[in-house]
Amino acid sequence: YQDVLESITESLAIGITNQIHSYDPDAVVLGGVIAELDDLLLEPVREKVSSMVVAHFENDCEIRKVAYGEKAVAMGAVALVLERILNLSI
């Protein structure tokens with residue numbers, strides 16, 4: 001069990017670090033099963049990313065879980081429809 005978690009956090013940290021180095025985002029937002037396993041994965045992933053990221057990018061990128069959980073995708077889809085059909089800026 002612990003080996004599996006270690007492998008998952010390592011893989012996530014490598015992927016997130018690569019994204020930070022490539023795109024310099026303000027935040028990386030994790031969703032789906034990863035967000036649901038927040039207590040087990042999020043802090044270890046943050047620690048690993050912090051140890052992997054180049055100093056120039058350190059502390060510039062927040063790693064967090066999606067705010068609306070499973071509803072995030074549906075809410076984004078509704079926002080796109082409203083924006084396109086009603087010409088609203090959301």
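We number each residue from 1, following the sequence as shown. Note: hydrogens, waters and symmetry copies are ignored here, and every other heavy atom, side chains too, is used.
Note on Ile14: it does not cluster hydrophobically with Val53, by side-chain heavy-atom contacts below 4.5 Å among ILVMFWY residues. Both Ile16 and Leu5 belong to a single network of hydrophobic side chains, linked directly or stepwise wherever heavy atoms of I, L, V, M, F, W or Y lie under 4.5 Å apart. Ile8 and Val49 fall within the same hydrophobic cluster, defined by Ile, Leu, Val, Met, Phe, Trp and Tyr side-chain heavy atoms under 4.5 Å apart, directly or through other members. Hydrophobic cluster membership is shared by Val54 and Ile20, with clusters built from Ile, Leu, Val, Met, Phe, Trp and Tyr side chains linked at under 4.5 angstrom.
Under the rule for a salt bridge (Lys or Arg N to Asp or Glu O under 4.0 Å), the partners of Glu6 that lie at least two apart in sequence or sit in another chain are Lys48.
Once rounded to the nearest 0.5 Å, the distance linking OG1 of Thr17 with CD1 of Ile63 reads 7.0 Å. Going from atom CZ of Arg64 over to atom CZ of Arg46 covers 10.0 Å, rounded to the nearest 0.5 Å. Glu43 CD to Thr9 OG1: the interatomic distance, rounded to the nearest 0.5 Å, is 11.5 Å.
Val45 and Ala13 make their closest contact through O-CB, 4.3 Å (heavy atoms, listed as atom of the first residue, atom of the second, distance).
The backbone N or O of Asp3 lies less than 3.5 Å from no partner atom in the side chain of Ser7, so there is not a single donor-acceptor pair.
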Return all side-chain donor-acceptor pairs below 3.5 angstrom for residues 23-36, not counting sequence neighbours, or 'none' if the list is empty.
none

